Amino acid sequence: MNMLSLPRARPLGKVHVPTVTLAHGGGGKAMKDLIDDVFVSAFDNPALAPLEDQARLDLAALASHGDRLAFTTDSFVVDPLCFPGGDIGKLAICGTINDLAVGGALPLYMACAVIVEEGVAIDLIRQIALSMAKTARDAGVQIVTGDTKVVQKGACDKLFITTTGVGVIRQGLELGAHLAQPGDIVLVNGLLGDHGAAILTARGDMALDAAIESDCAALHDLVDRLLVAAPGVRCLRDATRGGLATVLNEIAHASGVAIEIEESRTPIREDVRGFCEILGLDPLYLANEGKIAAIVPAAEADRALAAMRAHPLGSAASAIGRVCQGEAGRVTMRTAFGGRRIVDMLVGEQLPRIC
Amino acid sequence: MKYVDEFRDHGKARILVNEIESLVRAMNLTAERPIHIMEVCGGHTHSIFRYGIEGMLPKEIELVHGPGCPVCVLPMGRVDDCVAIAERPEVIFATFGDAMRVPGSQKSLLQAKAEGADVRMVYSPMDALALARNNPTREVVFFGIGFETTMPSTALTILQAEREGIQNFSVFCNHITIVPTIKAILDSPDLQLAGFLGPGHVSMVIGTEPFAFISKYYRKPMVIAGFEPLDILQSIWMVLKQIQEGRCEIENQYERVVPEAGNGPALAAVSRVYELRAFFEWRGLGSIDHSGVTLRDAYARFDAERRFAIPNAKIADPKSCQCGEVLKGVIKPWQCKVFGSACTPEAPLGALMVSSEGACAAYFQYGGIKQATAKKAGVAA
């Protein structure tokens with residue numbers, strides 16, 4: 001567990017017991033103490049401070065950033081809660097920021113709901129809240145409202161987090177999965193599959209000792225620079241669950257085009273390749289938490305790639321393929337071996353093979 | 001990756017494909033009457049699709065995807081037995097991942113898990129033994145499945161459990177053996193095969209001698225093949241070369257891993273723990289004599305079949321399923337009546353659609369269901 005990278009939790013504050021109990025969800029003093037001590041103190045900002053039932057956001061301030069509101073929500077249920085390269089808190093903030101960013105939105109505000117299983121250590125919740133606060137602060141996002149529920153042992157798996165984000169889409173930007181055109185270039189901002197491999201390794205049930213860290217990161221700054229360098233970008237998608245393969249299939253279907261990628265240009269860490277070889281998994285389907293696929297007009301592809309590579313979260317960016325005529329919705333890959341295969345949607349979850 | 005990338009070299013692949021094309025010309029093969037070569041092992045099927053090997057081969061060669069995926073040939077009744085064991089409240093049922101989706105007559109292990117059965121995915125039988133150690137008040141049952149490749153590891157785990165005196169561990173033994181199965185395919189009246197790519201992992205354990213009957217009595221060539229794409233191309237070339245030269249032998253392309261005599265300690269563990277069953281039921285192929293193993297009496301206490309009441313019902317394969325014909329290479333997966341319609345990886349009717357090593361699932365995943373379009377586009381399909 002990479003707990004060392006988390007902000008250090010304070011010793012017990014208002015909450016004087018080591019674990020969450022049902023009383024912390026009962027609506028009384030214990031609950032108020034938990035919220036004040038763990039969440040409010042970590043997320044501290046002017047919009048949250050009044051602790052009303054809703055955050056009140058200034059419309060004029062929002063409108064100054066663009067002309068459309070972007071609004072998104074996602075739930076996070078990862079096991080284990082802390083893993084190399086991140087934790088569920090960082091994941092919940094980055095995931096929602098990225099969902100806003102790939103629509104061309106500047107992420108501004110966030111709501112956060114947590115469901116905690118009784119018996120979880122308060123200290124762990126506190127560390128995760130601090131991790132959320134740090135990630136949001138670093139990204140310039142404020143967590144302005146939230147909710148806390150405590151459920152009986154067994155009713156959930158330790159801690160679930162739902163984050164809802166609000167951002168503003170800058171004027172003139174129009175991104176969409178339906179906008180890819182034959183001739184466009186497919187870019188990714190770096191090495192694929194790190195998050196999926198890190199989580200599987202961190203679960204510790206495979207006796208595999210691989211030092212793979214999750215790529216969990218907020219991508220809005222990288223997206224911002226990409227859009228400045230290549231304003232004609234057609235589509236951005238973050239390649240989370242289902243991996244790059246799923247995202248490309250979604251784009252190919254929505255745009256009614258075919259996409260062809262090159263295995264030799266698709267960046268995958270050596271450790272992740274080895275990990276997938278052993279378990280019979282395909283890295284194209286492994287989850288990422290800091291990777292986007294971008295569909296860019298060919299004329300802007302070089303500039304887009306250079307902008308990605310100039311950013312710390314895009315140093316291993318690569319142009320991996322192109323959009324082409326052909327059967328609508330079909331994604332194919334030219335294998336490094338010289339063959340060609342179809343990259344279909346994943347069915348269910350990837351299961352390791354017998355031998 | 002060291003010792004892996006060397007076997008995926010594009011330049012060498014091109015040279016081999018050229019050699020294969022030369023042989024095809026020299027043999028006067030035509031696309032109308034292609035030569036059929038069966039890869040017995042599911043691991044080969046997986047590699048063939050993953051690297052797009054079918055699309056690289058001349059149209060005069062057709063690969064037939066054989067019965068070598070243990071998940072695919074597991075009969076429905078045995079899956080029902082697994083579910084019955086798994087649903088016992090005292091049981092933790094430990095299984096390899098890809099066996100969880102195999103459909104039984106009512107449900108799969110994945111569905112049983114969703115309904116509350118304690119089904120755990122493990123990566124080796126030793127992981128299941130660790131579960132038994134860590135849960136002394138529960139009964140841990142390991143789903144022993146696979147050919148000679150996985151048979152020794154289950155046997156060694158039982159021997160380990162015996163040494164440790166572990167009381168709450170047993171194996172639901174569904175291990176099967178490849179040789180009688182190949183024989184059953186060779187005896188099939190509609191056989192159209194010209195040769196075989198032999199199973200590399202199985203041969204690593206049993207060696208090459210057990211396959212001698214194929215060349216000796218059935219006059220078919222076999223090349224024991226590795227799993228990297230260059231291994232497969234070279235093995236196809238070796239099979240063709242035998243046919244062209246009128247030879248009929250068991251050759252070993254996978255010499256770097258497969259010793260001619262097999263793996264002594266693994267074979268010793270296998271013969272110590274198991275004995276042949278009189279017959280075993282295969283999905284799609286029916287009952288095949290001496291094609292499965294069970295635990296010897298000395299290890300009865302580790303045998304889940306003797307430890308629990310098991311329904312052991314014979315469940316006929318769905319009538320619309322043509323898994324058997326696909327397994328024997330009589331039809332291609334997409335020619336099955338239900339391929340891609342009633343039978344998909346999301347809702348598999350036949351087991352060939354379950355495991356990623358199953359011919360139908362591999363076609364579906366890597367070949368898509370619109371074969372005609374795919375062929376036109378020159379895509380492996």
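Please read these numbers as outputs of a predicted model, since none were measured by experiment. Convention: sequence-line order gives letters A, B, ...; per-chain numbering from 1. Computed over heavy atoms, backbone and side chain alike; hydrogens, waters and symmetry mates excluded.
- At most 12 heavy atoms of other shown residues, nucleotides or ligands fall within 6.0 angstrom of atom NZ in B:K113.
- Remark: A:E263 CD to B:R50 CZ distance equals 7.0 Å, nearest 0.5 Å.
- A:I342 has its side chain out of reach of B:F49: every pair of non-hydrogen atoms, C-beta onward, lies at least 4.5 Å apart.
- Heavy-atom distances place the side chain of B:L233, and not its backbone, under 4.5 Å from chain A.
- Contact annotation for B:F147: neither backbone nor side-chain heavy atoms come within less than 4.5 Å of a heavy atom of chain A.
- Residue-environment remark: CZ (A:R265) stays at or below the threshold of 12 foreign heavy atoms within 6.0 Å.
- A:F337 contributes atom CZ, which lies 4.0 Å from atom CG of B:L230 (distance to the nearest 0.5 angstrom).
- Between the side chain of A:R341 and the backbone N or O of B:Y51 there is no donor-acceptor pair closer than 3.5 Å.
- By the neighbour-count criterion of 12 heavy atoms within 6.0 Å, atom CD of B:E21 is densely surrounded, having more than that number from other residues, nucleotides or ligands.
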